[in-house]
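The sequence lines fix the lettering, A, B, ..., with proteins before strands; numbering per chain opens at 1. Values reported hereafter were calculated over all heavy atoms of this structure, with side chains retained and with hydrogens, waters and symmetry mates removed.
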Amino acid sequence: MNQEKIVTRFPPSPTGYLHIGGARTALFNWLFTRQKGGKFVLRIEDTDKARSSDETTKAIIESMEWLGLDWDEGPYFQSQRYDIHNVFIERLLSTGQAYHCHCSPDELERGRKAAMAKGLKPKYDGKCRDLGLGPAPGSVVRLKTPKTGITQFNDLVKGRIRFDNEELDDLILRRSDGSPTYHMAVVADDISLGITYVIRGDDHVNNTPRQILIYKALGEPIPQYAHVPMILAPDKTRLSKRHGAVSVLAYRDMGYLPHALLNSLARLGWSYGDQEKFTKEELIEKFSLKNVGKSAGVFNADKLLDLNAWYIRNSSDEFLARELIPFLQQFGLKGLEQQKIKEAVATLKPRSKTLLDMAEGALFYFQEEITYDKKADDKFLKSDILGLLEDIRDRLEKASEFNQAALEKIFVAFLEDNEIKLKKVAQPLRVALTGKTASPGIFEVMEILGRKKVVERLAKVITHIRSKA
RNA sequence: GUCCCCAUCGUCUAGUCCGGUCCAGGACACUGGCCUUUCACGCCGGCAACACCGGUUCGAAUCCGGUUGGGGACGCCA
């Protein structure tokens, strides 16, 4: 009977690129909202001007777009909403729920240290709380937090969480420079944007009672909270740059498919029985906050890689060919034919874990000149197979057709005449054509390469072997 | 230090709410084999966990208490 429209938000602060932890929070918000037919709002929390930048804001938006996490409203910029925040602060002041505090930062710092030394929680002592002071240069506005009682909420993933109000102190709502603090800005924005569900990282659990107290002081309805566990690095500490690839865009550049990342992020902390792979539609349909686990999880890069390989294997040649182009260009390839790429992709699909892999593996198809792998050269390009290579070159030169079926027939005759097994020439041939010891099947390789290139490469390898002798 | 949260294979997890069907299932990784012109794909198999201690109970991964361990929060950062 809940007729109220669900409104969620994702509020990254543009002090860094969107990392996979943030992306997962965004994903959970998005899945929840799309399932319920709600509204998803993007809000950039750029109040820390010193650490925010346009560049990171762009990177965050680019990341969201790449992942396909679309929003219905925004992006709002918190720094442009100070007027709204101030209305709420004034309201609190006028109802006596907040007060001006004249304590200096030094004084507060001393108090915190003293409390820590005594083994207590560092809290503001409430010195100015009942002094009835007015605004003054350097003064701040604080919330009058209840000294007794408890503040609790029913977290949608963690269950009931409660705090004694005496653990909380009178938090600052407005800084001495007049700007609102994080807690105030978040609450003011969430109220004014009509946010009904706050789904965020569980590093915010401790912030929640403080924010609830602001809602209460304001007499505004409190949203539902869901705190999702954090993502940890393999060493079980908070994920950071020193753990390698953490930004969403880094995964894009390494050749991951957005859906593979999404799928992998969804399964980190959330599950649906034994199912591992989900389409976007299934994710939306099956996601639920109560199936989100309560404990932090380590990001499993191997599993993501495996998923990526699976999605590559199961994507259409058309799609992959399109996605592959930028990677091929990265290797300096130009004037690529869509059709050729498609053919190459088809042969590389089962052996590529990323698009970057695939591009690398496809180079020999497009390059004019290939180079031989040193080890492959030493091991397989020896003079004892010269005769066989010349023989097959002649036969291929004269072939009336140059497709797989025709090639296989030519080889059957070739092998019979020479009384050998394919094994004997397969590797030397592979090295001659691709430069490497591992590649797609030689018949498919030959067909895609075409007669001209195949014969050229055979001629080249023959001279090469001769020159070594 | 204080407060909050968490605890099943190396990792992600199912099972925990409503104790028995779980000497614990799946996935990744690792590993043995099959397939095979290479590398992969695929297929078959293996290794591997209920943190610990007490309690409740005929019976506990599942309920209760404690211990230990981990994470988070304690800013005029967000």
Side-chain angles (χ1 to χ4, degrees), chain A residues 11-15 45-48 50-52 78 101 103-105 108-109 112 115-124 138-142 155 158-159 161-164 166-169 171-183 185-186 201-210 227 229-230 232 234 236-238 264 267-277 290-291 293-307 309-310 313 348-353 361 376 380 411 421-427 429-431 434 436-443:
Chain A
S13 64
T15 54
E45 309 218 320
D46 59 343
T47 53
D48 186 347
R51 295 196 299 151
S52 301
Q78 201 160 51
C101 167
C103 296
S104 72
L108 298 172
E109 188 53 35
R112 268 194 293 272
M116 284 277 230
K118 273 192 277 180
L120 297 173
K121 197 166 187 168
K123 296 190 304 182
Y124 174 57
S139 72
V140 301
V141 173
R142 285 184 186 271
D155 193 275
K158 301 210 179 233
I161 296 178
R162 44 198 295 157
F163 291 83
D164 274 324
E166 57 181 326
E167 293 297 332
L168 278 14
D169 63 0
L171 75 158
I172 294 175
L173 302 176
R174 180 155 66 200
R175 300 186 188 98
S176 54
D177 69 357
S179 65
T181 57
Y182 166 71
H183 290 295
V186 166
D202 74 0
D203 47 336
H204 284 286
V205 168
N206 294 274
N207 290 332
T208 307
R210 295 168 166 280
H227 288 96
M230 320 219 342
L232 271 25
K236 303 253 187 192
T237 62
R238 224 184 159 124
S264 140
R267 275 291 285 104
L268 210 196
W270 171 80
S271 61
Y272 188 81
D274 284 339
Q275 189 171 345
E276 298 283 352
K277 301 183 179 81
K290 68 169 184 292
N291 282 333
K294 297 179 188 202
S295 49
V298 173
F299 179 67
N300 192 340
D302 279 335
K303 204 159 178 172
L304 167 60
L305 189 61
D306 178 72
L307 256 187
W310 189 86
R313 257 178 270 137
L348 261 6
K349 254 167 43 169
R351 54 201 108 226
S352 306
K353 290 187 182 297
F380 296 108
F411 266 77
K421 291 269 203 313
L422 179 56
K423 224 180 178 98
K424 171 107 172 139
V425 285
Q427 283 305 76
L429 212 44
R430 187 183 314 282
V431 177
T434 70
K436 292 174 291 196
T437 52
S439 81
I442 43 175
F443 298 121

Between [atom2] on [N] and [atom1] on [X], what's the gap in Å once rounded to a whole number?
| X | N | atom1 | atom2 | result |
| --- | --- | --- | --- | --- |
| Trp310(A) | rC28(B) | CH2 | C1' | 15 Å |
| Leu422(A) | rU38(B) | CG | P | 9 Å |
| Arg210(A) | rG72(B) | CZ | P | 18 Å |
| Arg162(A) | rC3(B) | CZ | P | 15 Å |
| Asn207(A) | rC5(B) | CG | P | 15 Å |

With a non-hydrogen cut-off below 4.0 angstrom, is [X] in contact with a base, only sugar-phosphate, or nothing?
| X | answer |
| --- | --- |
| Asp306(A) | sugar-phosphate |
| Gly441(A) | base |
| Ser13(A) | sugar-phosphate |
| Thr47(A) | sugar-phosphate |
| Arg174(A) | nothing |
| Cys103(A) | base |
| Gly159(A) | nothing |
| Asp155(A) | nothing |
| Phe163(A) | sugar-phosphate |
| Gly269(A) | sugar-phosphate |
| Tyr272(A) | nothing |
| Pro440(A) | base |

Closest-nucleotide ordering on RNA chain B, the 5'-leading residue of Gly273(A) and Glu167(A) |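 Going by which nucleotide is closer to the 5' end, it is Glu167(A).
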
Specify the residue among Ser439(A) and Val205(A) whose closest nucleotide of RNA chain B lies further upstream toward the 5′ end.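 On the 5' side of the pair lies Val205(A).
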
Side chain [X], main chain [Y], donor-acceptor under 3.5 Å:
| X | Y | result |
| --- | --- | --- |
| Arg174(A) | Ser139(A) | no |
| Glu45(A) | Gln78(A) | no |
| Thr15(A) | Arg51(A) | no |
| Asp169(A) | Lys123(A) | no |

Between [options], which nucleotide gets closest to the side-chain atoms of [X]?
| X | options | value |
| --- | --- | --- |
| Lys353(A) | rC41(B), rA78(B), rU38(B) | rC41(B) |
| Asp302(A) | rC41(B), rC28(B), rA78(B) | rC28(B) |
| Leu108(A) | rC76(B), rC6(B), rG72(B) | rC76(B) |
| Met230(A) | rG72(B), rC5(B), rU37(B) | rG72(B) |
| Arg175(A) | rA78(B), rC39(B), rU37(B) | rA78(B) |
| Asn206(A) | rA78(B), rC6(B), rC3(B) | rC3(B) |
| Ser271(A) | rA14(B), rA78(B), rC4(B) | rA14(B) |
| Phe443(A) | rU11(B), rA73(B), rU37(B) | rU37(B) |
| Thr181(A) | rG26(B), rC76(B), rU37(B) | rC76(B) |
| Ala438(A) | rC76(B), rU38(B), rC41(B) | rU38(B) |

Using the [atom1] atom on both, measure [N] against [M] and round to a whole Å.
| N | M | atom1 | answer |
| --- | --- | --- | --- |
| rC23(B) | rA27(B) | C1' | 23 Å |
| rA49(B) | rG71(B) | P | 24 Å |
| rU13(B) | rA51(B) | P | 15 Å |
| rC52(B) | rC34(B) | C1' | 44 Å |
| rC44(B) | rC53(B) | P | 39 Å |
| rG70(B) | rG25(B) | C1' | 26 Å |
| rC18(B) | rC3(B) | P | 30 Å |
| rC5(B) | rG10(B) | P | 28 Å |

Does a distance-only test, which skips hydrogens and angles, find a donor-acceptor pair under 3.5 Å between the side chain of [X] and the base of [N]?
| X | N | answer |
| --- | --- | --- |
| Asp274(A) | rG25(B) | yes |
| Ser176(A) | rC76(B) | yes |
| Lys303(A) | rC12(B) | yes |
| Gln275(A) | rG26(B) | no |
| Arg351(A) | rC39(B) | yes |
| Arg430(A) | rU37(B) | yes |

What is the pairing partner of [N], taking Watson-Crick or G-U wobble pairs with both distances under 3.5 Å in any strand?
| N | answer |
| --- | --- |
| rU36(B) | none |
| rC50(B) | none |
| rC23(B) | none |
| rU2(B) | rA73(B) |
| rG10(B) | rC28(B) |

Does a side-chain N or O of Lys236(A) approach OP1 or OP2 of rU11(B) to a distance below 4.0 Å, or not? yes

message = Check this one for me: any side-chain N or O of Arg238(A) less than 4.0 Å away from OP1 or OP2 of rG70(B)?
response =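 Looking at the OP1 and OP2 atoms of rG70(B), neither is under 4.0 Å from any side-chain N or O of Arg238(A).
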
TODO: Quick one: pull up CZ in Arg210(A) and CZ in Phe163(A) and give me the separation to the nearest 0.5 Å.
DONE: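 Between Arg210(A) CZ and Phe163(A) CZ, I get 9.5 Å after rounding to 0.5 Å.
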
Result for side chain to side chain donor-acceptor pair (under 3.5 Å) between His227(A) and one of Asp155(A), Asp203(A), Asn207(A), Asn206(A) points to Asp155(A)

Hits for ring pair (Phe, Tyr, Trp, His ring centres under 6.0 Å) against Phe411(A), two or more places apart or cross-chain, chain-then-number order -> Phe414(A), Phe443(A)

Practice prompt. Provide the closest heavy-atom pair for Asp202(A) versus Pro229(A) in the form atom of the first, atom of the second, distance.
Written response: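 What the structure gives for the nearest pair is OD2-CA, 3.5 Å.
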
Could you tell me whether Lys424(A) atom NZ has more than 12 heavy atoms of other residues or ligands within 6.0 Å of it? no

Between Ser179(A) and Arg175(A), is there a side-chain donor-acceptor contact under 3.5 Å, judged purely by atom types and distance?
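Side chains of Arg175(A) and Ser179(A): pair found under 3.5 Å.
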
